[in-house]
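Everything on this sheet refers to the single structure shown next.
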4 protein chains.
Amino acid sequence: MQYRTDLAMEQVQQMGGAPGVRASSAAGRGFTRSEVDIDTEEAARQLQKPVGRYITFETRPVHTLSAEERARLSEEIADTLRALLPPFGEVLVVGLGNRHITSDALGSRVVENVLVTRHLRESLPNSLLGRLRGVSALSPGVLGITGIETADMVRGAVEQTHPGAVIAVDALSARACARIGTAIQIADTGIQPGSGVGNHRAGLTRETLGVPVIAVGVPTVVYSTVIVRDALTLLLEAMPEAQGDHTAAADALARRLTRQQLGEMVVTPREIDQMVGELSQVLAMGVNRALQPRLSAQEIAALMNEAM
Amino acid sequence: MQYRTDLAMEQVQQMGGAPGVRASSAAGRGFTRSEVDIDTEEAARQLQKPVGRYITFETRPVHTLSAEERARLSEEIADTLRALLPPFGEVLVVGLGNRHITSDALGSRVVENVLVTRHLRESLPNSLLGRLRGVSALSPGVLGITGIETADMVRGAVEQTHPGAVIAVDALSARACARIGTAIQIADTGIQPGSGVGNHRAGLTRETLGVPVIAVGVPTVVYSTVIVRDALTLLLEAMPEAQGDHTAAADALARRLTRQQLGEMVVTPREIDQMVGELSQVLAMGVNRALQPRLSAQEIAALMNEAM
Amino acid sequence: MQYRTDLAMEQVQQMGGAPGVRASSAAGRGFTRSEVDIDTEEAARQLQKPVGRYITFETRPVHTLSAEERARLSEEIADTLRALLPPFGEVLVVGLGNRHITSDALGSRVVENVLVTRHLRESLPNSLLGRLRGVSALSPGVLGITGIETADMVRGAVEQTHPGAVIAVDALSARACARIGTAIQIADTGIQPGSGVGNHRAGLTRETLGVPVIAVGVPTVVYSTVIVRDALTLLLEAMPEAQGDHTAAADALARRLTRQQLGEMVVTPREIDQMVGELSQVLAMGVNRALQPRLSAQEIAALMNEAM
Amino acid sequence: MQYRTDLAMEQVQQMGGAPGVRASSAAGRGFTRSEVDIDTEEAARQLQKPVGRYITFETRPVHTLSAEERARLSEEIADTLRALLPPFGEVLVVGLGNRHITSDALGSRVVENVLVTRHLRESLPNSLLGRLRGVSALSPGVLGITGIETADMVRGAVEQTHPGAVIAVDALSARACARIGTAIQIADTGIQPGSGVGNHRAGLTRETLGVPVIAVGVPTVVYSTVIVRDALTLLLEAMPEAQGDHTAAADALARRLTRQQLGEMVVTPREIDQMVGELSQVLAMGVNRALQPRLSAQEIAALMNEAM
């Protein structure tokens with residue numbers, strides 16, 4: 001039975017602490033910031049997440065935030081990204097996932113709103129040029145659309161353009177519906193094989209690409225098998241007399257139920273189209289602010305306009 | 001707790017037979033056709049569905065059908081619609097729902113593929129004109145987008161254009177995930193208040209519009225509370241010793257669980273964008289064949305092309 | 001040969017002054033505001049535009065304006081609309097044109113960004129309710145898509161919802177390429193038959209709808225026959241010796257040329273998709289500010305968000 | 001003054017024959033097939049087109065063709081492509097242009113309808129596997145969107161996946177409006193720098209990619225300067241007395257006219273959205289049939305379905 005979550009903080013909550021894992025959290029204005037550091041390979045094995053730093057912001061559903069709250073969240077995302085990125089050098093922003101499947105389209109939607117500057121060198125006035133970091137962007141699609149492994153596409157782009165770091169944005173799956181559209185995870189571990197809504201076959205990591213890879217993700221779905229299993233578990237816990245031999249039977253029942261009836265179904269808000277749209281705005285603003293700290297929000301907006 | 005289904009056949013299966021209800025089903029080539037007739041007001045009250053005839057086709061998920069199977073399904077839909085429509089007079093096809101929410105967009109997508117002919121009177125060659133039924137089409141949007149009740153918009157169009165009947169297409173919610181994208185319901189009852197994915201406030205019926213209203217719908221979602229409740233019920237049934245006083249506790253637990261964690265979440269296939277696209281093709285083909293029995297499929301396709 | 005323009009100011013420039021026509025213009029910060037008043041039926045006949053007031057703003061191409069310039073332009077549009085609208089009563093905003101043809105989609109795109117409030121009466125807090133004007137919105141599509149005359153659809157909606165005025169937004173054709181995306185016309189005359197990119201068959205006027213109709217339009221195309229004819233005219237003017245008998249031959253040549261080669265071609269910017277998108281934002285902001293003078297821009301944005 | 005055409009046959013018609021150029025044409029059922037062979041570097045210099053073979057099909061506007069005519073046209077395209085492709089080895093299909101600009105979106109739309117098979121090796125039944133040619137697909141976007149030169153993106157993909165040939169699809173500009181949406185050019189020369197609606201900076205050729213590159217293109221626009229210049233030229237030809245000193249003045253006038261008023265305007269059908277949609281279907285069907293000669297049209301459609 002699959003208990004998968006792409007969020008390290010959920011994994012820690014579920015499995016509890018472990019040697020080699022540090023976890024902390026702090027409430028901010030309108031959101032909580034939690035950090036999980038997985039320091040040892042042993043801890044990584046236990047949590048099934050690679051060694052690294054995972055920062056997660058939790059908010060109300062993004063599409064219910066005010067304009068000010070969104071701007072503040074974008075700034076927090078920007079600060080976190082900036083701390084993880086190398087201080088200089090070009091950055092390639094990669095939007096993972098399938099743009100034709102709304103729940104998997106977050107990455108490519110973010111990329112559409114990223115300020116791309118790598119090609120502007122020749123045409124910009126000097127007053128701007130010295131303040132711009134070189135940024136390129138790529139939505140490699142998915143294997144079923146291109147026939148090319150995402151990791152191969154990105155490796156090709158990295159070899160052609162030699163960025164100093166990659167930011168990879170992806171839609172995630174969570175274990176709890178309450179995280180959908182409300183938890184934003186930023187990690188210095190890159191993207192792992194098998195993660196994300198679309199289940200990428202190969203990963204995007206420093207090992208595969210040769211440069212640091214910062215991963216940004218937000219859960220857009222929970223697999224429906226997960227919520228059924230959770231409901232059954234809670235029920236069994238509430239019935240002491242069911243703890244005995246019947247647990248196994250219940251478990252088997254749950255397996256059959258989910259296999260037969262739920263298949264590849266996901267749980268998602270009815271307004272997922274709107275949610276993904278708004279999330280991509282907030283994330284893109286965070287990425288743009290992280291990559292262009294010497295531009296004002298107005299200058300970024302103006303350059304986005306011209307770039308179109 | 002909400003047990004809502006928009007499918008009469010699910011309601012009958014769940015509640016069992018009743019006086020005043022006739023139900024039958026027959027397997028066809030590649031699909032099952034079932035019919036529920038609710039004959040008395042008493043039965044209607046019990047089943048919470050109005051008096052009328054409900055025909056449901058069940059197939060494999062539409063996007064896994066071959067081109068031949070789709071064409072055959074469209075013909076069955078066409079035959080059923082034709083039997084419920086008056087033989088002469090213009091028809092207004094109404095696509096309900098919110099086109100910006102994929103799970104609610106089925107109606108407006110179907111309308112985009114309906115052959116509209118009402119305005120062609122003056123421009124068509126005589127060879128075609130005598131064989132064409134007058135068809136108009138309308139996607140009234142939803143209250144939140146227009147500020148106008150869907151029922152008012154449709155009533156306005158009916159008063160201006162005087163059709164002899166209305167076909168109303170809508171996305172439905174089901175009780176079982178297995179029905180998503182696989183069950184097509186056609187009913188002569190019109191659309192009831194509170195039905196559909198978008199929960200229409202007012203209905204579209206012969207009473208409100210003054211002409212027969214044929215409803216066509218396909219489930220695109222199951223409310224996530226439903227699948228959790230179903231899982232718990234199945235589990236309790238499998239544990240004889242839990243039947244006693246603990247049922248109430250379990251029920252309370254389920255309530256709390258769904259209230260806290262699931263909210264307005266729906267269960268849906270990850271590929272809902274594609275599913276709605278393909279369903280709308282099959283339904284529109286069925287509607288077009290029902291309304292234009294004297295045109296070949298080629299003539300319909302050619303006229304669709306010109307009409308654009 | 002067709003010399004059509006939907007802009008009264010172009011018509012006046014071309015035909016020159018006439019008794020019963022008053023024209024004036026004033027430069028503002030970043031744009032010019034011109035006003036044409038056609039006061040008599042005789043002048044209306046000469047100019048082929050109905051009696052009424054036409055205000056036109058001219059700017060640089062809207063997609064090259066800064067955020068501040070756009071906001072200022074929206075405020076000017078809002079002020080002008082407010083002066084033409086009745087002070088109280090609901091308003092229905094109608095977006096004309098075909099949303100599947102980019103150059104004709106301006107009206108329906110504006111409607112997507114209008115704050116609709118008519119249905120909020122029951123759900124809003126009192127603090128907001130007293131300050132909100134009731135607004136509904138409608139994109140009736142075009143005859144080829146619905147089979148229903150736009151004018152009939154709008155009349156149906158007016159009869160069902162009883163607004164005190166209608167604002168009708170439409171894409172226009174101009175005579176000069178320089179007006180595409182740069183001239184915004186607001187008129188108290190409603191929409192005339194045959195006007196707009198899509199050539200509406202019937203008009204939307206106080207006569208047909210029973211309430212005042214304010215028209216808002218921006219040119220998105222110039223018919224290609226027009227620019228060819230203009231080029232030839234300019235050339236002939238520059239060649240004194242060609243004024244004689246050869247003019248007729250040249251004219252015939254121009255006719256043949258345009259008939260054979262240009263057909264229904266239009267001249268338009270390559271970036272028309274982006275241009276229509278940005279125009280619709282500016283116009284919708286103007287409409288929203290005109291209709292909700294007691295809300296701040298932030299409150300409008302917040303309500304738009306919730307309404308989705 | 002710019003006289004650019006991306007069609008070799010237009011260039012030959014305009015410049016007339018030359019040593020080293022062979023041109024022929026033949027009428028087929030519903031379309032004309034013409035072939036231009038540029039055999040020498042001297043001829044290439046004169047015609048400003050590289051040495052190679054250019055086949056062009058001319059039809060009525062594609063969106064007015066019947067289903068049968070489209071199928072026949074697709075087969076002709078397939079036959080021509082197959083003759084230019086190496087008989088074995090994987091093929092990478094590249095869709096050039098900007099998907100957010102309708103007139104430039106043809107390439108990426110075609111790619112969306114190409115049957116991608118490269119990744120299916122492991123999952124397909126043997127009965128299919130032996131008959132499938134490996135195909136991958138890529139829409140690299142444009143420099144302004146990605147910050148990466150299209151040629152670099154494609155080179156990266158070629159280096160990662162080692163195809164035996166590339167098919168590059170692009171929207172073209174023509175000199176005559178009558179070619180928009182009616183002329184389909186297939187060439188073994190690859191894509192040249194500066195060609196296409198989007199004016200690609202770098203080319204895609206055997207020299208830059210290391211494998212044969214077949215170019216497929218259809219004009220979607222004519223630059224508006226071209227039609228004005230053509231009109232003036234025709235007029236001058238019709239007026240013998242204008243041939244003298246006044247030609248220069250007229251020419252200067254034309255320059256000023258187009259510079260001031262037309263800018264980057266293009267001439268295009270009002271229904272360009274629909275036209276590009278239908279063209280992409282016909283081209284994709286041609287590409288699919290060329291690459292998968294051992295599959296029936298039904299098998300291709302079924303695999304397209306599954307691949308989604």
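In what follows, every chain begins at residue 1, and chains take the letters A, B, ... in the order their sequences are listed.
Ion pair E278(C)/R70(C) flagged as a salt bridge, since at least one NZ, NE, NH1 or NH2 atom sits closer than 4.0 Å to an Asp/Glu carboxylate oxygen.
Without hydrogens or angle criteria, R133(C) side chain to G89(C) main chain gives a donor-acceptor distance under 3.5 Å. When atom types are taken as modelled, the side chain of R82(C) and the backbone of R289(C) share a donor-acceptor pair closer than 3.5 angstrom.
Comparing T161(B), V93(B), L143(B), V142(B) by how many heavy-atom pairs each has under 4.5 Å with chain C, the most go to L143(B). Between chain B and the residues A137(C), A157(C), G134(C), the largest count of heavy-atom pairs under 4.5 Å involves A137(C). With respect to chain B, the highest number of heavy-atom pairs below 4.5 Å among E112(C), M153(C), R155(C) belongs to R155(C). For the set G147(B), G156(B), S136(B), the entry with the most heavy-atom pairs within less than 4.5 Å of chain C is G147(B).
Contact of E90(C) with chain B is not made at all, since no heavy-atom distance falls under 4.5 Å. Looking at L138(C), the atoms closer than 4.5 Å to chain B (heavy atoms on both sides) all sit in the side chain, from C-beta outward. Looking at T146(C), the atoms closer than 4.5 Å to chain B (heavy atoms on both sides) sit in the backbone and in the side chain alike.
Residues N288(C) and V114(C) are in side-chain contact: their nearest non-hydrogen atoms beyond the backbone lie under 4.5 Å apart.
Legend: residues meeting side-chain contact (heavy atoms from CB on, under 4.5 Å) with T117(C), ordered by chain and number and at least two apart, are L115(C), L120(C), L132(C), V135(C), Q292(C). Taking the side-chain contact (heavy atoms from CB on, under 4.5 Å) definition, one finds that R206(C) meets it with P212(C), sequence neighbours left out.
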